[in-house]
*Asks:* 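First the structure, then my questions, so here it is.
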Amino acid sequence: MYPQDAGFVAIEEIHAAAIKNLVVPILTAPVGGDGLYAADGHLAVARANAACGTVSIVPEVGTFSYEEVAAAAPSAARIAQLYPYESFDHVAKRIRAAGYQALCVTVDGGVVGFRVRNRINRFRPDPSVFSGNVAGDGTPSVAETYGLMVSAETPAWDWDRLAEATARHGLPWIAKGILTAEAAEAALAAGASAILVSNHGGRQVDPAPASLDALPEVAAAVAGRVPVLLDSGVRTGADVFVALALGADAVVIGRLAAYGLAAAGEAGVRRVIELLAEELRTLMILAGAPDVGLINNGTIARRRDGQVHDLVPGDDLSS
């Protein structure tokens, strides 16, 4: 990052102008099994987001139902994550009826990744922590949901089918799990209202590229047509700054929110968001960027062959 040489800049705006209802350019990720971290799970996360002016993405495989999370913070903006399975229409109807502003469709989760660490640790949690949305008419049972998520025989959806399914419900939708320009173009052609650059926290495909490496290519392909979000690997306000500089309109935090939730419930999640926002504001002052719209690739650089080079969209960050 390039600090400004002299002077001081007052921070005018830290909100994400491209995304409604965001006071800070941060959303919380749809971390499933939230009851493992705190008894009130995403209920606490939703309340923390409401207090901070940020947005929850609520998981389909969470401990609490979409309706319960909506009731926990009725005035807050929120997005519902779901998978493209046979129950999509029924689930999407529930989401709309519960007052959610958008869908977030996971497009890289046709089957659960081969998670070696979970196998080594014999991670076998109580299925109830994932079952908040699988009870009731028209929804699959817990066993059926797990079967869909772990079976290679689950029918794969293509972009045409996803376009038809999302169009039936009239809600804007985010394509989550995009890592290439080609996938971004396919998602836009299918009607996506936003692109979420994500490698699923590194938990789906072990040798997948880091989300930050993929971001410049995807942002260049999208070219401002819709908002671009980034998740996976955000740990500090500096990470937020770099993501914004490389073309993201906001970031999505998963592990950090889970750590805060485990440490201190709602207050812990709120403190995580506050710390990220505080560090981001500090870096904006140091970089001479009075609002987030002025954070761009001219404010950061990388070293290559002993030289400092400005970053441009499409740069390979891996070498």
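Please read all numbers here as calculations on a predicted model, not as lab measurements.
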*Asks:* Output all residues satisfying salt bridge (Lys or Arg N to Asp or Glu O under 4.0 Å) with Glu274, sequence neighbours left out; order by chain, then residue number.
*Replies:*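 Glu274 satisfies salt bridge (Lys or Arg N to Asp or Glu O under 4.0 Å) with Arg271 once adjacent residues are dropped.
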*Asks:* Using salt bridge (Lys or Arg N to Asp or Glu O under 4.0 Å) as the criterion, list what pairs up with Asp40, not counting sequence neighbours.
*Replies:* Arg47
*Asks:* I want to check something: taking the side chain as every heavy atom from C-beta on, are Ile79 and Val58 in contact at a cut-off of under 4.5 Å?
*Replies:*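 The answer is no; the side chains never approach within 4.5 Å.
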*Asks:* Tell me, with the steps shown, if His200 and Asp231 meet side-chain hydrogen bond (donor to acceptor under 3.5 Å, both in side chains).
*Replies:* CA-CA 8 Å; His200 215 105; Asp231 82 10; over 6 Å; no
*Asks:* Pick out which of Arg96, Arg78, Arg94 makes a salt bridge (Lys or Arg N to Asp or Glu O under 4.0 Å) with Glu67.
*Replies:*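 Among the candidates, only Arg94 passes.
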*Asks:* Could you state whether Phe241 and Val23 fall into the same hydrophobic cluster, counting links through intermediate Ile, Leu, Val, Met, Phe, Trp or Tyr residues with side-chain heavy atoms under 4.5 angstrom apart?
*Replies:*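 Both belong to a single hydrophobic cluster.
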*Asks:* Indicate yes or no: at least one non-hydrogen side-chain atom of Pro59 is less than 4.5 angstrom from one of Phe130.
*Replies:* no
*Asks:* So, do Leu162 and Val105 sit near enough that their side-chain heavy atoms are less than 4.5 Å apart?
*Replies:*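 Yes, their side chains come closer than 4.5 Å.
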*Asks:* Show the nearest heavy-atom pair for residues Ile178 and Ala187, with the distance to one decimal.
*Replies:*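 Looks like CD1-CB, 4.3 Å.
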*Asks:* Quick one: salt bridge (Lys or Arg N to Asp or Glu O under 4.0 Å) partners of Glu164, sequence neighbours excluded?
*Replies:* none
*Asks:* Listing request: all side-chain hydrogen bond (donor to acceptor under 3.5 Å, both in side chains) pairs with a residue in residues 182-195, at least two apart in sequence or in separate chains.
*Replies:* Glu185-Arg225
*Asks:* Go through the steps for Leu230 and Leu196 under the test side-chain contact (heavy atoms from CB on, under 4.5 Å), then give the verdict.
*Replies:* CA-CA 6 Å; Leu230 174 129; Leu196 177 45; 5.5 Å; no
*Asks:* Determine, stepwise, if the pair Ser65 / Asn133 fulfils side-chain hydrogen bond (donor to acceptor under 3.5 Å, both in side chains).
*Replies:* CA-CA 5 Å; Ser65 69; Asn133 282 304; 4.9 Å; no
*Asks:* Does one hydrophobic cluster hold both Leu82 and Trp159, with members joined at side-chain heavy-atom distances below 4.5 Å?
*Replies:* yes
*Asks:* So do the side chains of Ile253 and Leu27 get within less than 4.5 Å of each other, counting heavy atoms only?
*Replies:*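 A side-chain contact is absent here, since even the closest heavy-atom pair is not under 4.5 Å.
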*Asks:* How far apart are the C-alpha atoms of Val107 and Lys176, what are their side-chain angles, what is the distance that settles it, and do they pass the side-chain contact (heavy atoms from CB on, under 4.5 Å) test?
*Replies:* CA-CA 6 Å; Val107 299; Lys176 177 183 184 293; 5.8 Å; no
*Asks:* How far apart are the C-alpha atoms of Trp157 and Phe88, what are their side-chain angles, what is the distance that settles it, and do they pass the ring-ring contact (aromatic ring centres under 6.0 Å, His included) test?
*Replies:* CA-CA 11 Å; Trp157 284 36; Phe88 187 96; 5.6 Å; yes
*Asks:* Is Met284 reachable from Leu294 through a run of I, L, V, M, F, W or Y residues, each pair having side-chain heavy atoms under 4.5 Å apart?
*Replies:*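 Each belongs to a different hydrophobic cluster.
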*Asks:* Could you tell me whether the side chain of Leu36 reaches within less than 4.5 Å of the side chain of Phe123, counting heavy atoms only?
*Replies:* yes
*Asks:* Does the side chain of Thr180 come within less than 4.5 Å of Val218's, by heavy atoms?
*Replies:*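 No, every pair of side-chain atoms sits at 4.5 Å or beyond.
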*Asks:* With ring-ring contact (aromatic ring centres under 6.0 Å, His included) as the rule and sequence neighbours excluded, what pairs involving residues 22-65 come up?
*Replies:* none
*Asks:* Among Leu280, Val272, Thr54, Asn49, find the one that has a side-chain contact (heavy atoms from CB on, under 4.5 Å) with Ile26.
*Replies:* Thr54
*Asks:* For Leu229 and Ile174: C-alpha separation, side-chain torsions, deciding distance, then whether side-chain contact (heavy atoms from CB on, under 4.5 Å) applies.
*Replies:* CA-CA 9 Å; Leu229 314 178; Ile174 301 166; 4.2 Å; yes
*Asks:* In Å, rounded to the nearest 0.5 Å, how long is the span from CG of Leu246 to CD of Glu217?
*Replies:* 13.0 Å
*Asks:* Do any pairs count as a side-chain hydrogen bond (donor to acceptor under 3.5 Å, both in side chains) and have a residue in residues 237-247, sequence neighbours left out, and if so which ones?
*Replies:* Thr236-Asp239
*Asks:* Indicate if Tyr259 and Val269 have the same hydrophobic cluster label, given that clusters are the connected sets of ILVMFWY residues with side-chain heavy-atom separations under 4.5 angstrom.
*Replies:* yes
*Asks:* Report the C-alpha separation of Tyr66 and Val91 in whole Å, then their side-chain angles, then the decisive distance to 0.1 Å, and conclude whether the side-chain contact (heavy atoms from CB on, under 4.5 Å) test is met.
*Replies:* CA-CA 9 Å; Tyr66 298 122; Val91 173; 3.5 Å; yes
